[in-house]
Number of protein chains: 2
Amino acid sequence: MDAITGEEVRRDGAGRRPLDQMTIVAEAIRFIDERGRERLTMRQLGARLGVEAMALYRYIPGREQLLDGVVEVVMDQLYGDTMVDNQAATWPEYLQQLAAGVRRLALTHPRIFPLIASRPPAAPWLRPPLRSLRWVEAFLEGLIGYGFSRGGSVTVYRSFATFLLGHLLLETAAAATLPDSGADDIELLESSDLANYPLLTEMAPQLSMDMYTDEFEAALEDLINRLALNRR
Amino acid sequence: MDAITGEEVRRDGAGRRPLDQMTIVAEAIRFIDERGRERLTMRQLGARLGVEAMALYRYIPGREQLLDGVVEVVMDQLYGDTMVDNQAATWPEYLQQLAAGVRRLALTHPRIFPLIASRPPAAPWLRPPLRSLRWVEAFLEGLIGYGFSRGGSVTVYRSFATFLLGHLLLETAAAATLPDSGADDIELLESSDLANYPLLTEMAPQLSMDMYTDEFEAALEDLINRLALNRR
DNA sequence: ACCTGAACACCGTTCAAGT
DNA sequence: ACCTGAACACCGTTCAAGT
């Protein structure tokens with residue numbers, strides 16, 4: 001019996017429960033969070049599930065679709081966090097809460113977030129493209145609920161999505177780079193010795209301060225003001 | 001004799017001139033522009049240069065460093081386009097010209113541009129990180145020339161770089177996805193049938209209009225206004 | 001029903017050998 | 001001096017075979 005569900009648990013000869021899509025995708029998410037998406041291979045993922053890579057193909061068409069599944073699960077989590085039971089009283093509050101929710105997700109899964117923008121989108125015609133049509137639909141619906149016209153809600157979607165994805169892709173990119181590729185740079189033209197850059201050297205303390213949060217909030221307030229002014 | 005330089009050209013038995021770093025990196029840039037960075041392999045790049053993959057290792061330490069070289073060459077091109085002989089009379093004009101130059105580069109090499117943000121940066125402490133320290137140094141110098149304090153120039157760098165990279169990463173991401181991975185999506189929870197999304201269906205024409213240019217310019221003007229207000 | 005072994009067509013990279 | 005063949009340790013993926 002399973003301790004939580006109380007269901008009868010089937011086990012194979014090696015004492016494993018059989019795989020399924022969700023188990024595999026969930027493990028892939030954990031894998032990418034820990035080691036980055038470059039290192040996610042079918043063979044290594046199989047190993048973590050106690051199985052040969054070939055076994056995964058019974059549940060997942062291939063590696064690309066596995067990555068699509070990862071994005072889909074993460075986007076559904078976002079949908080639940082931000083769109084279900086949203087209590088915002090005004091549209092600026094609504095945007096603030098959505099922004100906070102998306103940023104929380106991006107910082108929780110910094111190595112997965114870039115996939116949201118780089119995977120071939122579900123609706124390539126949507127500008128900017130997003131994997132979760134359900135989220136976009138709910139977003140437009142929310143805005144209309146706050147009194148925006150249909151055309152106005154599209155304008156807001158555009159600038160809000162651009163703002164959010166843009167900022168968070170950048171904030172996230174640093175965290176997503178492999179932490180152990182300590183290889184030397186190719187020396188193409190001149191060495192990038194810090195000594196050649198007096199201003200950089202002098203301002204290094206300020207330049208290295210992590211101000212993403214402040215910058216994010218300042219820019220978001222700005223965007224909301226802009227939208228408020230242009231509203232008709 | 002070489003038709004252009006007039007120099008004596010060494011050729012090997014197969015009638016090829018010997019390779020060098022620049023030739024290889026330039027071919028890699030062309031390759032990524034045409035077929036995407038996922039498909040750039042040492043073996044295929046070698047083939048385009050009329051050589052086995054192993055020959056490349058005489059000039060390039062490895063694939064990762066080749067990609068670093070690609071970014072470096074592109075950034076140097078950007079430096080030449082935007083920083084050398086910049087004639088802007090005021091700092092807002094300066095930012096407009098830089099923004100236009102960076103966007104031009106991003107749209108010329110949409111499949112290379114994301115590398116600028118995702119490669120391990122030359123100075124990881126720099127926020128936001130950028131591969132070209134030379135460009136950042138010149139940027140700060142320019143701002144100080146227009147009367148910004150040292151601290152003020154850092155603030156402007158931060159918000160300007162965040163804005164630019166963010167917007168362009170997003171605009172560029174669509175173009176960078178492989179155009180021929182027509183595989184079916186994994187069906188995880190529900191099908192993303194457009195019929196379930198009435199607002200999306202209704203607003204499809206507006207949502208599919210490419211408004212990146214307008215959005216980019218509106219947001220840039222906004223940023224400049226914000227910077228002008230906060231200036232001390 | 002579910003997993004694996006063997007195989008195929010690819011990778012990046014090293015190094016001794018060819019010219 | 002410059003390139004290649006052969007090799008190694010990996011990939012994703014297919015499919016007949018095992019339990």
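So you know, we letter chains A, B, ... as the sequences are listed, proteins then strands, and number each from 1.
- If you check dC10(C) for Watson-Crick or wobble pairing at under 3.5 angstrom, you find it has no partner at all.
- Both distances falling under 3.5 Å, in either a Watson-Crick or a G-U wobble arrangement, place dG5(D) opposite dC15(C).
- At a threshold of 4.5 Å between non-hydrogen side-chain atoms, the residues Phe160(B) and Leu98(B) count as touching.
- Looking only at atom types and distance, the side chain of Arg103(B) has a donor-acceptor partner in the side chain of Thr213(B) under 3.5 Å away.
- Contact detail for Met42(A) and Gly62(A): the closest heavy-atom pair is CE-C, 4.4 Å.
- In this structure, Leu19(A) places its CG atom 16 Å from P of dA1(C), rounding to the nearest Å.
- When rounded to the nearest whole Å, the span between CG of Leu40(B) and P of dC10(C) equals 17 Å.
- Following rounding to the nearest Å, Arg43(A) (CZ) and dG5(C) (P) show an atom-to-atom distance of 12 Å.
- dC10(C) atom C1' lies 15 Å from atom CD of Glu38(B), rounded to whole Å.
- At the heavy-atom level, Arg63(A) lies under 4.0 Å from the strands shown only through sugar-phosphate atoms.
- The residue among Met54(A) and Gln44(A) whose nearest nucleotide of DNA chain D lies closer to the 5′ end is Gln44(A).
- Residue Leu56(B) contributes atom CG, which lies 12 Å from atom C1' of dC2(D) at whole-angstrom precision.
- Regarding contacts with the backbone of dA1(C), every side-chain N or O of Tyr59(A) stays at 4.0 angstrom or more from both OP1 and OP2.
- A heavy-atom distance below 4.5 Å is not found between the side chains of Met75(B) and Arg134(B).
- When the nucleotides dT13(C), dG5(C), dT13(D) are ranked by their closest atom to the side chain of Ala53(A), dT13(D) comes out on top.
- Contacts of Met42(B) with the nucleic acid, taken as non-hydrogen atoms under 4.0 Å apart, involve only primed sugar atoms and P, OP1 or OP2.
- As rounded to whole Å, 14 Å separates atom C1' of dA1(D) from atom CG of Asp20(B).
- Side-chain contact between Met211(A) and Arg158(B) is present, with at least one heavy-atom pair separated by less than 4.5 Å.
- We find that CD1 of Ile60(B) is positioned 15 Å from C1' of dC2(D), with the value rounded to whole Å.
- The distance between atom CZ of Arg39(B) and atom C1' of dC11(D), rounded to the nearest whole Å, is 17 Å.
- Comparing dC2(C), dT13(D), dC11(C) against the side chain of Thr41(B) picks out dC11(C) as the nearest.
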